[in-house]
Amino acid sequence: MDITKTFEQIDPEFAKAKLCEFLVAFNTPAFGALPKREVEIRIFELMRDLGLIDPQGDSLYAIMTDLRITRAKTSQLVFDLDVRDFGGSKTALNERVREALVNTRFAKDGDYFVLEVENPLLLAHLRQEIRELGYFSDTSFNSALVRMPLEAAVALMERLIPKEHHDAIRRALVEAGAPEAPTLGGVLRSAMKTLGTKVLGEVAGEVAKGASDYLGPVFDAAIAQITETWAGLFADD
């Protein structure tokens, strides 16, 4: 993190506005009245807004080494800031879960699917979604790795995909070669098994680089792309 270089590139008016916001907060209700923890969160937020850190794009390791603080403190700061930004919006958090399913490291471990989610609030929300669906998730091996049964992964996908797209996606997957089933969940179950066998590794350490090529079109309801992409996967069945 190069503070001097970053400030040379920041628009002066933007920087002034953000500094003003911070000073107003710091002096409310009186100078020095904010608890130390609140001051740290405000400074962390200011650093994010100025582009010195990126809690959404940077790894926790990158932030902790830049700020020279522990991983636990870094995780708590990211969590506290995200709660303020997204905590009240389940829709926004579900969108981030969809992005995680498509874009993060995703692997298969026997009959379980393993998803890497480092962001602490997103991880908590994902585990709660799985719990509400009646399944369990395991993070005992590594707190950033969510290990869930195939049924949980399918149920989660089905919940996150808007219902108005279910039938079109189901028909596209069947056209691509997935076994016929009356519900999207039924077809997704077969599709995810095939994805796990042919693309995802059989152990958590073998991570599929191309999983997003298959899951992206499904979450985007890109019907033509679903048929074209998944057809090759089912071709040898």
I'd like to know if V97 and F136 are part of one continuous hydrophobic network [Ile/Leu/Val/Met/Phe/Trp/Tyr, side-chain heavy atoms within less than 4.5 Å].
no
Which atoms form the tightest heavy-atom contact between R71 and Y61, and what is the distance?
NH1-N, 4.2 Å
Hydrophobic cluster identity match, Y214 and M192, side-chain contacts under 4.5 Å
yes
After noting the C-alpha distance and the side-chain angles of L184 and D167, does the key distance pass the side chain to side chain contact (heavy atoms under 4.5 Å, CB included) rule?
CA-CA 7 Å; L184 174 61; D167 192 54; over 6 Å; no
Output yes when a side-chain donor or acceptor of T194 lies under 3.5 Å from a complementary backbone atom of S190, and no otherwise.
yes
Kindly say whether I226 contributes a backbone atom to a donor-acceptor pair with the side chain of T229 at under 3.5 angstrom?
no
Rounded distance (nearest 0.5 Å) linking atom CG of L188 with atom CD1 of I169:
7.5 Å
With K36 via salt bridge (Lys or Arg N to Asp or Glu O under 4.0 Å) - residues at least two apart
E40
Residues S75 and P120: closest non-hydrogen pair is O-CG, 3.3 Å
Between E8 and K5, does any side-chain N to carboxylate O distance fall below 4.0 Å?
no
Should W230 and V218 be marked as a side chain to side chain contact (heavy atoms under 4.5 Å, CB included) after you check the CA-CA gap, both sets of side-chain angles, and the distance that decides it?
CA-CA 10 Å; W230 286 81; V218 171; 3.7 Å; yes
Let me check something: do V83 and L126 share a hydrophobic cluster, defined by ILVMFWY side-chain heavy atoms less than 4.5 Å apart, either directly or through other members?
no
Report the distance from atom OG1 of T74 to atom CD1 of I69, rounding to the nearest 0.5 Å.
3.5 Å
What closest approach, in Å, do L115 and L101 show between heavy atoms, and which atom pair accounts for it?
CD2-CD2, 3.7 Å
Is any NZ, NE, NH1 or NH2 atom of the basic residue among D80 and R84 found under 4.0 Å from an Asp or Glu carboxylate oxygen of the other?
no
Looking only at heavy atoms, what is the nearest atom pair of A152 and M148, with distance?
CB-CB, 4.1 Å
List the steps, then state whether side chain to side chain contact (heavy atoms under 4.5 Å, CB included) holds for R131 with Q128.
CA-CA 5 Å; R131 189 178 299 112; Q128 179 60 29; 2.5 Å; yes
Heavy-atom nearest pair, V24 first then T28, reads O-OG1, 2.6 Å
Got a salt bridge between E95 and R98, using NZ or NE/NH1/NH2 to carboxylate O under 4.0 Å?
yes
Is the side chain of R127 donor-acceptor paired with the backbone N or O of S137 at a distance under 3.5 Å, no angle test?
yes
Is there a salt bridge (Lys or Arg N to Asp or Glu O under 4.0 Å) between K18 and E21? Walk through the geometry before answering.
CA-CA 5 Å; K18 289 300 175 181; E21 288 179 14; 3.7 Å; yes
Would you compute the distance between atom OG1 of T6 and atom CD of Q9 and round it to the nearest 0.5 angstrom?
6.5 Å
Minimum-distance pair of heavy atoms, taken over all atoms of A25 and L34
O-CD1, 3.2 Å
I63 CD1 to D54 CG distance, which is reported to the nearest 0.5 Å
7.5 Å
Would you give the length of the straight line joining atom CZ of F22 to atom CG of N27, rounded to the nearest 0.5 angstrom?
9.0 Å
Joint cluster assignment, I130 & M157, ILVMFWY side-chain distance < 4.5 Å
yes
Near K90 NZ, under 6.0 Å, is it more than 12 heavy atoms from other residues, nucleotides or ligands?
yes
Could you grab the distance from atom CG of D213 to atom CG of L233, nearest 0.5 Å is fine?
11.0 Å
Examine M64 and L67 and state if one hydrophobic cluster contains both, with Ile, Leu, Val, Met, Phe, Trp and Tyr joined whenever side-chain heavy atoms are less than 4.5 Å apart.
no
Are any side-chain N or O atoms of E118 and backbone N or O atoms of L60, one a donor and one an acceptor, separated by less than 3.5 Å?
yes
H166 side chain to E158 main-chain N or O, any donor-acceptor pair under 3.5 Å?
yes
Enumerate donor-acceptor pairs with a distance under 3.5 Å from any side-chain N or O in residues 41-50 to protein atoms, sequence neighbours excluded.
unit_1 : atom_1 : unit_2 : atom_2 : d
R42    : NE     : E38    : OE2    : 3.0
R48    : NH1    : D85    : OD2    : 2.5

Side chains of E99 and Q56 in contact at under 4.5 Å (non-hydrogen atoms):
no
Yes or no on side chain to side chain contact (heavy atoms under 4.5 Å, CB included) for L156 and L133, after CA distance, side-chain angles and deciding distance?
CA-CA 7 Å; L156 181 63; L133 288 166; 4.2 Å; yes
